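Heads up: the structure comes next, in structure tokens.
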Amino acid sequence: MRLQAPSLQHLFGTDNFGRDIFSRAIVGARFTLAVAISTVLSCTAISSVLGLLSGYIGGIVDEVIMRVVDAINSFPGILIALIIVTVMEQNNYTIVIALCIMFI
């Protein structure tokens with residue numbers, strides 16, 4: 001069962017140990033999809049709240065929000081993500097927080 005070509009039984013074939021590559025890809029995609037979906041949802045929620053506050057209240061609140069977002073955007077995204085991952089506790093949700101701050 002080692003190194004078989006793609007077939008109906010093994011959609012992506014098998015690796016050199018005889019394991020199904022498709023099932024391994026599905027298992028690997030679980031975490032990636034969870035991070036992507038949670039990042040998009042949290043960024044959308046936070047950005048919407050900040051935009052609504054900025055537009056509705058205006059004045060000094062608008063200026064503060066704008067300056068904070070400008071300050072975050074002035075740094076390269078990968079640098080911010082690395083700093084957040086280094087400073088925070090290392091678990092699965094740290095990358096979501098780093099990406100969310102980067103994309104707000």
Side-chain angles (χ1 to χ4, degrees):
M1 302 275 300
R2 295 176 4 156
L3 300 173
Q4 287 186 349
S7 65
L8 290 176
Q9 190 176 23
H10 303 288
L11 293 178
F12 291 170
T14 59
D15 62 3
N16 56 348
F17 293 114
R19 298 176 295 199
D20 186 34
I21 296 175
F22 180 71
S23 63
R24 293 174 58 81
I26 294 295
V27 169
R30 288 186 308 181
F31 178 71
T32 304
L33 287 175
V35 166
I37 291 170
S38 58
T39 299
V40 168
L41 290 177
S42 60
C43 287
T44 302
I46 293 171
S47 297
S48 296
V49 168
L50 287 176
L52 286 170
L53 282 175
S54 179
Y56 185 71
I57 296 174
I60 191 72
V61 174
D62 180 30
E63 290 292 326
V64 169
I65 291 173
M66 184 173 60
R67 298 299 171 217
V68 169
V69 171
D70 284 344
I72 290 172
N73 286 336
S74 67
F75 292 103
I78 191 73
L79 180 65
I80 293 174
L82 285 173
I83 290 170
I84 292 170
V85 168
T86 302
V87 170
M88 293 183 67
E89 178 182 321
Q90 300 209 350
N91 58 24
N92 291 342
Y93 300 105
T94 304
I95 189 69
V96 172
I97 295 168
L99 288 172
C100 188
I101 290 173
M102 201 170 76
F103 290 130
I104 285 177

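Computed from a predicted structure; not experimentally measured. Numbers here are sequence positions counted from 1.
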Please set out all donor-acceptor pairs under 3.5 angstrom arising from side-chain atoms of residues 74-88, sequence neighbours excluded.
residue: Ser74; atom: OG; partner: Ala71; partner atom: O; Å: 2.7
residue: Thr86; atom: OG1; partner: Leu82; partner atom: O; Å: 2.7

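- The side-chain hydrogen bond (donor to acceptor under 3.5 Å, both in side chains) check on Asp70 picks up nothing, with sequence neighbours excluded.
- Among residues two or more places apart in sequence or in another chain, the ring-ring contact (aromatic ring centres under 6.0 Å, His included) test is passed with Phe22 by Phe12.
- Leu50 and Ile72 fall within the same hydrophobic cluster, defined by Ile, Leu, Val, Met, Phe, Trp and Tyr side-chain heavy atoms under 4.5 Å apart, directly or through other members.
- Residues satisfying the salt bridge (charged side-chain N to carboxylate O under 4.0 Å, His left out) criterion with Arg19, sequence neighbours excluded, are Asp15.
- If you chain together hydrophobic residues whose side chains sit under 4.5 Å apart, Val68 and Val49 fall into the same group.
- Leu33 and Val40 fall into different hydrophobic clusters, where Ile, Leu, Val, Met, Phe, Trp and Tyr are joined by side-chain heavy atoms under 4.5 Å apart, directly or via other members.
- Residue pairs satisfying the side-chain hydrogen bond (donor to acceptor under 3.5 Å, both in side chains) criterion with at least one member in residues 35-61, sequence neighbours excluded, are listed as follows: Ser54-Asp62.
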Got a list of side-chain donor-acceptor pairs under 3.5 Å for residues 96-104, not counting sequence neighbours?
none

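- Under the 4.5 Å side-chain contact rule for hydrophobic residues, Phe31 and Ile21 do not share a cluster.
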Test side chain to side chain contact (heavy atoms under 4.5 Å, CB included) applied to His10 and Asp20, step by step: CA-CA 6 Å; His10 303 288; Asp20 186 34; 3.4 Å; yes

